[in-house]
Amino acid sequence: MKVRTRLAPSPTGDPHVGTAYQALFGYVWAKVNGGEFVLRIEDTDQERSTEASEAAILESLKWIGITWDEGPDVGGPYGPYRQSDRLDIYKKHIDMLIQKGHAYSCFCTKERLDTVRKKLIEEKAPNRGYDRKCRDLSPNEAAKRIAAGEPYVVRMKIPLEGECLFNDLLRGEIRKDWASIDDQVIMKADGFPTYHLAVVVDDHLMEITHIIRGEEWINSVPKHVLLYQFFGWEPPVYCHLPLLRNPDKSKLSKRKNPTSINYYRKAGYLPEALLNYLGMMGWHMPDGSEKFSVQDMIKSFDLTDISLGSPVFDRTKLRWLNGRYIREDNSVSDLTDKLQEWALNPDYIARVTAVVASRLETLSDWGYFTAMFFSDSVPVTEGLLAVKDMEKSQVIELLQLTLWKLEKVRDWNSASISSILKEVAELFELKLKVLTSPLYGAICGSKVAPPLFDSMEVLGSDLCRTRITAAMNVLGGLSGKKLKKLEKKYRT
RNA sequence: GACCCCAUCGUCCAAUGGUAAGGACACCGGCCUUUCACGCCGGCAAUACGGGUUCGAUCCCCGUUGGGGUCGCCA
């Protein structure tokens, strides 16, 4: 059987280095076996999925050098490759499960589920899920309520006892009691399938042989193998990759580390270096060499050689590796080309110049004023971020809220940034000027700088957000507790 | 809290049922050099703990501890 692997990103945010990590191993494994690598967009979350995010993911994967044989942009024999275009397929399969008695309609409201869950947590019950209230409704009654227009979801019937045993290629046998698993929703009230249903149906229909994905999915495997059983299908090989981590060992997150591929691109990393670095997370060349290409990898890669300790994503070592690529593989003329591609092109220079033009007295002033547009980070001190009559902790809150608001901006431009900042200022009952003062420090690394909103527009969202996060860390950062409190207070 | 996964220098990755436990990043020293960087040489630094199995365990088994993940009509 031909080896087929897939990457199944969900277009709900920035292209993540973890996605690239999984893409790399999936791609390489397919190519080791002369097989195919498929890109499938998992946009079953109507609320959060955006076309912009999908486009950004494809674009950044291309930049880093991952290609796919089938996907939403190139098509292929197993399409469509976007889950929102496969709704009728899921519907058919969901109906099949209901008919066979493996799934049922559930009319419980979110409010009821919340209450049930809260109560279970208060009671310190070991299982905190759904109480299966609708599991034994008669099909007739269910049909009646559906006909009456009552909203409902479809849940799968998980066995009430016994245990599920499955195999992970890297970890061997894993067992889990069925009793510890909820009756998982497989179709939401909006008629869209959930991940669990869609992923199983698609992986089967697309003849995926190896599921290579992050370790956070291990606990869902029982639900998936049960679905395979319900449908009478053969499950694929499961291979759960270790999770990339922050230096503090938690799962890699943008709050503690830049996670957007676009950040690394804007900060001037070479795609081949980033990919190489990801390749040494959990894997190594047989001869121990640390600099290797995807082609090198394909020559000696075996999935079962992956080590399981979740690696820390160490930006210092990535920087070193990137440096090796720059100085070992590039002539000055190559670098000149790359710099032009990166930022020293007429377009970017024009945009930067527009921001500083009115301040120039000599052409050479340009270099002085624009350094921040060609840097990764800027030098920030507490003093630069200080606001008169304001506690440090308040400044951090201010920055955090700004960050959250900025993350939601769709069209990153001066006007939208300006209106966001005005919003934040109003929320805190501050003059805009007061809010922008620490932002000048965070974004520009100086109190003297070109106009903030325009600068931020030119700099781009990835660099701006990374700089704001860095500034918050200079001030001591936010504890998880405080963050949650803040989130409750302000975040919608 | 329940369940699942994991455990070699600070970090990444090696190694073997018998080793002086190896390489890389970082750090420290030295050489090179107009400075810095690169390069070169050297140094610091790890088998989490407790029980087994064994002539012998870092490696195999069990427990403890520690870390991570999952417990959504998110993926």
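Keep in mind that what you see is a predicted model, and the values were worked out from it rather than measured. In what follows, every chain begins at residue 1, and chains take the letters A, B, ... in the order their sequences are listed. Only this structure's heavy atoms are used, side chains among them; waters, hydrogens and symmetry mates stay out.
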Could you work out the separation of B:C9 and B:G23 based on their P atoms and round it to a whole Å? 16 Å
Scoring nucleotides 1-10 of chain B by protein non-hydrogen atoms under 4.0 Å (B base, S sugar-phosphate only, - none) yields BSSSSS----
Gap in Å between the two P atoms, one belonging to B:A26 and one to B:G17, rounded: 33 Å
Rounded distance (Å) that lies between atom C1' of B:C71 and atom CG of A:Asp114: 15 Å
Ion pair present between A:Glu290 and A:Arg324, side-chain N to carboxylate O less than 4.0 angstrom? no
Starting the side chain at C-beta, find the nucleotide from B:C13, B:C73, B:A75 nearest to A:Val153. B:C73
Taking the P atom of each, how far is B:C13 from B:A7, in whole Å? 11 Å
Fit a plane to each ring of A:Tyr264 and A:Tyr269, take the angle between them on a 0 to 90° scale, and name the class: parallel (under 30°), tilted (30 to 60°) or perpendicular (over 60°). perpendicular
With the side chain defined as heavy atoms from C-beta on, A:Tyr195 is closest, among B:A75, B:G69, B:G23, to B:A75
Quantified in whole Å, what is the P atom distance between nucleotide B:U65 and nucleotide B:G72? 26 Å
With a 4.0 Å cut-off on heavy atoms, is A:Met187 in touch with a base, just the backbone sugar-phosphate, or nothing at all? nothing
Pairwise 5' ranking along RNA chain B for A:Ile306 and A:Lys251, keeping only the more 5' one: A:Ile306
Can you label the angle between the A:Phe166 ring and the A:Tyr238 ring as parallel, tilted or perpendicular, going by 30° and 60°? perpendicular
Hey, does A:Glu42 reach any base, or is it just sugar-phosphate, or nothing, if we go heavy atoms under 4.0 Å? sugar-phosphate
For the C1' atoms, the ones on B:A75 and on B:U70, what distance do you get once it is rounded to whole angstrom? 13 Å
Whole-Å distance between B:C13 P and A:Asp287 CG? 17 Å
How many whole angstroms separate atom CE of A:Met280 from atom C1' of B:U11? 10 Å
Select base, sugar-phosphate, or nothing to describe what A:Cys164 touches, counting heavy atoms under 4.0 Å on all strands. nothing
Which whole-number value in Å describes the distance from A:Trp217 CH2 to B:A75 P? 7 Å
Give each stem of RNA chain B as a range with a range, requiring at least 3 consecutive Watson-Crick or G-U wobble pairs whose two distances are under 3.5 Å. B:1-7 with B:65-71, B:10-13 with B:22-25, B:27-31 with B:39-43, B:48-52 with B:60-64
With a non-hydrogen cut-off below 4.0 angstrom, is A:Thr12 in contact with a base, only sugar-phosphate, or nothing? nothing
Measure from NE2 on A:His224 to C1' on B:A75 and round the result to the nearest Å. 10 Å
Centres of the A:Tyr195 and A:Trp217 rings: under 6.0 Å? yes
Taking for each residue the nucleotide of RNA chain B bearing the nearest heavy atom, is the 5' side occupied by A:Gly282 or by A:Glu328? A:Gly282
Taking A:Pro15's backbone N and O only, do any of them form a donor-acceptor pair with A:Asn262's side chain (distance below 3.5 Å, no angle check)? no
Phosphate OP1/OP2 of B:C73 contacted by A:Arg117 side-chain N/O (<4.0 Å): yes
Euclidean distance for C1', B:A48 against B:U58 (whole angstrom): 12 Å
Criterion side chain to side chain donor-acceptor pair (under 3.5 Å) on A:Asp73 and A:Tyr81, from CA distance to verdict: CA-CA 9 Å; A:Asp73 55 339; A:Tyr81 293 91; over 6 Å; no
For A:Arg327, answer base if it contacts any base atom (sugar-phosphate contacts may also be present), sugar-phosphate if it contacts only those atoms, and nothing otherwise; contact means non-hydrogen atoms under 4.0 Å. sugar-phosphate
Looking at A:Thr44, does any N or O in its side chain come under 4.0 Å of the phosphate oxygens OP1/OP2 on B:A75? yes
Within a 6.0 Å radius of atom CD on A:Glu51, are there more than 12 heavy atoms belonging to other residues, nucleotides or ligands? no
Between B:C44 and B:C25 - C1' atom distance, rounded Å: 14 Å
Distance criterion of 3.5 Å, no angle test: do you see the side chain of A:Lys317 paired donor-to-acceptor with the base of B:A26? no
Pairwise P distance, B:C59 and B:A15 [rounded to whole Å]: 15 Å
In this structure, which one of A:His210, A:Arg40, A:His224 forms a side chain to side chain donor-acceptor pair (under 3.5 Å) with A:Asp203? A:Arg40
Between A:Ser84 (side chain) and A:Asp43 (backbone), is there a donor-acceptor pair under 3.5 Å? no
Take A:Asp287 and A:Ser289, measure what side chain to side chain donor-acceptor pair (under 3.5 Å) needs, and give me the verdict at the end. CA-CA 6 Å; A:Asp287 66 357; A:Ser289 53; 2.7 Å; yes
What is the distance from CZ of A:Arg213 to P of B:U70, rounded to the nearest Å? 13 Å
For A:Tyr277, which of A:Trp320, A:Tyr325, A:Phe313 qualifies under ring pair (Phe, Tyr, Trp, His ring centres under 6.0 Å)? A:Phe313
Regarding A:Ser220, tell me which of base, sugar-phosphate or nothing describes its non-hydrogen contacts under 4.0 Å with the strands shown. nothing
B:A75 C1' sits how many Å from A:Lys223 NZ, rounded? 12 Å
A:Asp131 CG to B:C71 C1', straight-line distance once rounded to whole Å: 16 Å
A:Lys188 side chain to A:Thr44 main-chain N or O, any donor-acceptor pair under 3.5 Å? yes
